[in-house]
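Encoded as structure tokens, the structure appears first; notes follow it.
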Amino acid sequence: MSIVTVQLGQCGNQIGFEVFDALYTDSHCPQGLCSKRENEAYQASCKERFFSEEENGVPVARAVLVDMEPKVTNQTLSKAAQSGRWKYGQHSCFCQKQGSGNNWAYGYSVHGPRHEESIMNLIQKEVEKCDSLSGFFIIMSMAGGTGSGLGAFVTQNLQDQYSNSLKMNQIIWPYGTGEVIVQNYNSILTLSHLYRSSDALLVHENDALHKICAKLMNIKQISFSDINQVLAHQLGSVFQPAYSVEGSCHYRRNPLGGFKDSALYTSWLEPINAFNVWKTQRAFSKYEKSAALVSNSQFLLKPLDMIVGKAWNMFASKAYIHQYTKFGIEEEDFLDSFTLLEQVVASYCNL
Amino acid sequence: MTQSVVVQVGQCGNQIGCCFWDLALREHAAVNQKGIYDEAISSFFRNVDTRVVGDGGSISKGKICSLKARAVLIDMEEGVVNEILQGPLRDVFDSKQLITDISGSGNNWAVGHKVFGSLYQEQILEKLRKSAEHCDCLQCFFIIHSMGGGTGSGLGTFLLKLLEDEFPEVYRFVTSVYPSGEDDVITSPYNSILAMKELNEHADCVLPIDNQSLFDIISKIDLMVNSGKLGTTIKPKSLVTSSAGAVKKQHQKPFDAMNNIVANLLLNLTSSARFEGSLNMDLNEISMNLVPFPQLHYLVSSLTPLYTLADVNIPTRRLDQMFSDAFSKDHQLIRADPKHSLYLACALMVRGNVQVSDLRRNIERLKPSLQFVSWNQEGWKTSLCSVPPVGHSHSLLALANNTCVKPTFMELKERFMRLYKKKAHLHHYLQIEGMEESSFMEAVSSLSGLIEEYNQLDATKSMPVEDFPRLSIAV
């Protein structure tokens, strides 16, 4: 089963590249540390999931690149092509010129409707190339304008158009001390909209990834490239083919399906059932043994509470609101978002 | 990628503009080794086949043929524009994109705004439309002018309303040179206050500059150059004040050096939009992040480094020094004290080999000494552009929306009131059709309103930070 990835905005595209690179490198890693047959099954499964076959044998990522300004997608496309190992589809990119100005309203209310048809067409083309579609993996940041606003819009569209497929959003939680001043507004608007249309939100915090680079990997001058590679490595190890507990003959057919398993989401769970273990014999990307933990817990409560708090303070002072109302997001919409998120916070608190 | 058009008005505006185009060419020449016309260059330049007569000569791709600045030059005297057109940059300007007159505005805002405004309105619109037509996706107008004279101040601000009406979706970024206390134009307070009202109402973003700060920066550099300290050879081309790429022992005309500083400001402001980086920042993001309320759009800028020493290895300590310098008054382009006032928002635009960890480390380090408004305690906007400016390995431009501009405005108001109380020189203005005493009163009132906004924000400075009560939800 295949996954179609949609990478949105600068962050989404920069990460997307690292993810495909990590997946490719892993699947073609010579030290599988398992039997040849095992390795071949692994490689075949991985390839089918994330890459499609092209004429001259260079695998093509099953991805759609979207950005409202051209610099990043140009770079991403050429980096992939230059590597010679894998590449993006020639026509898989949708680009505009003027960007979204870090404005969620612009991404959602202006770019969304304006480019809906073109973007959904591109995604449709990618879907048609799949033998069977497992679902969508949408990579976006919350702090900016394109990833966040247009990302929310696209996810909603995917919900409408492909209601039977799963949608998992990889969202990047911005640094606490600010990369974008209106990041809290953009974040709460994104979260409240995604909450209604996404099936699962996989969260990575820049602060946490930064700490990993600093403390665990001892990198002195940490760049976004380093951070993205850590992220890609984590994602790769989660998404790579693995056996489920039941059947150790075939790789799990639906990689995203496991996340919809209701057993992961209830609070009053027997400890035995709380873990869903997937195993594989094969090593991941040069590591002999590796484990990845995906959890749904209260860990997100504190950051979420903080973002809602800061956004609320800013909202109460009416700062920057004119930038959003200019493009059709009114105070009402903000209030709706706040209400929904306060409910989420309360729900997690009551666990 | 988008394009920007520079509109340079008056003597000051055109002289700064000229420096800007010179530096922009040098920067792109250094980056663009293959001579291919790419999107970065197209943000400020058109590629034209000069053999084609008339308008059809634009080339959108391929090798660079002849670059033409996306600029409109306006002056009500001919001297400055003529000098530009006879100088080394004459081929960069499209000879049809000029508007000149002979008589000048006599340092009178009313002449610039009312007389020349109505006289040249159609022509100005025509040139602006032409420039816009040559753009694939026009995002921003950069207006460069001074506040104290007649043309830059009057006609320059007349333009703003025109631009707002004609191109409502395009940003208007204004670089305004404010008169210092010892200004030799007696009527500069009148001109400035009248112009301020227009800036308040029709500009998206204003970068105020004052000559005294620029002069102080030059003096500081001179001291460095002439001090002859051991091991302090300065890298040629790295001076923020140099245009010819050589370290001169004595001043060029001081204004040249001063104008180059402003030109560097504009280059750095647009660098992350033109060149790639790991965290891009487009021009529309500047307004989005730094303007929390429409009227409060005055940004204090500071540039570092002012020069680079010749040694190649730059340890992290020096990098951190760059961040500290950006928050030092010595590097500001306007005299103000942001550290003792209230920050509404702050942007750090970094160029060169600087990574996100360097950025974070320095923000953490400098944050405690700065006061941010209660609802924007982490009000930092950051960008990382991989291409450094010519002659440097990295640089930083800090833009602050800070209540420290208030004293500048208050001083301006005081100077105005001193003149106005005596009705000195008023008749020069009132004799112009369309000018009445009420025009002056409205202008002062607009400025007072702005000052009052800053006052209210300042009043919150000493109050404890209290969070607003959140929504309570029934679960």
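Each chain gets a letter, A, B and so on, in the order its sequence line appears, and its residues count up from 1. Everything numeric here is computed off the predicted structure, so don't read it as measured data.
Under the side-chain contact (heavy atoms from CB on, under 4.5 Å) test applied with B:M281, the options B:C385, B:S271, B:S383 reduce to a single match, B:S383.
In terms of heavy-atom pairs under 4.5 Å with chain B, the best-connected choice from A:T177, A:V182, A:I321, A:I227 is A:T177. Counting heavy-atom pairs under 4.5 Å between each of B:L359, B:V291, B:D282 and chain A puts B:V291 at the top. Chosen from B:T382, B:V356, B:N284, the residue pairing most often with chain A at heavy-atom distances under 4.5 Å is B:V356. When each of A:A316, A:G101, A:A143 is scored by its heavy-atom pairs under 4.5 Å with chain B, the top score falls to A:G101. When each of A:E69, A:Q98, A:H322 is checked for heavy-atom pairs under 4.5 Å with chain B, A:H322 comes out on top. Top candidate by heavy-atom pairs under 4.5 Å with chain A, chosen from B:Q355, B:E364, B:M288, B:K367, is B:M288. Considering only heavy-atom pairs separated by less than 4.5 Å from chain A, the leading option among B:C137, B:P294, B:G379 is B:P294. Of the listed residues (A:V308, A:V72, A:N184), the one with the most heavy-atom contacts under 4.5 Å to chain B is A:V308.
Here B:E378 pairs with A:K310 under the side chain to side chain donor-acceptor pair (under 3.5 Å) rule; sequence neighbours left out. With sequence neighbours left out, the ring pair (Phe, Tyr, Trp, His ring centres under 6.0 Å) criterion links A:H115 to A:F94, A:H111. Take B:Y171 and apply the ring pair (Phe, Tyr, Trp, His ring centres under 6.0 Å) test, not counting sequence neighbours, and it matches no residue.
Looking only at distances, no side-chain donor or acceptor of B:N402 sits under 3.5 Å from a matching main-chain atom of B:L299.
Side chain to side chain, A:Q323 and A:N103 fail the donor-acceptor criterion of an N or O pair below 3.5 Å. Looking at A:D67 and A:T73, their side chains never bring a donor and an acceptor atom within 3.5 Å of each other.
With a 6.0 Å cutoff to the six-membered ring centre and a 45° limit on the axis angle, A:K326 does not count as a cation-pi contact of A:Y324.
Aromatic pair B:W375/B:F293: ring centres closer than 6.0 Å. Aromatic ring centres of A:Y108 and A:H193: separated by under 6.0 Å. The aromatic ring centres of B:F372 and B:W380 sit less than 6.0 Å apart. Aromatic ring centres of A:F334 and A:Y185: separated by under 6.0 Å.
Both the backbone and the side chain of A:E179 have a heavy atom closer than 4.5 Å to some heavy atom of chain B. Both the backbone and the side chain of A:D305 have a heavy atom closer than 4.5 Å to some heavy atom of chain B. The contact between B:L384 and chain A is made entirely by side chain atoms (from C-beta outward), counting heavy-atom distances below 4.5 Å. Only the side chain of B:Q139 has a heavy atom closer than 4.5 Å to any heavy atom of chain A. Interface remark: B:V373 contributes no atoms to any contact with chain A (heavy atom separation under 4.5 Å). Within the 4.5 angstrom heavy-atom criterion, only side-chain atoms of A:Q14, from C-beta onward, approach chain B. Heavy atoms closer than 4.5 Å to chain A are found in both the backbone and the side chain of B:N280.
Listed by sequence position, A:H210, A:K220, A:Q221, A:I222, A:S223 are the residues of residues 208-223 of chain A in contact with chain B, using a 4.5 angstrom heavy-atom cutoff.
In this structure the side chain of B:T403 never reaches within 4.5 angstrom of the side chain of B:N455, judged on heavy atoms.
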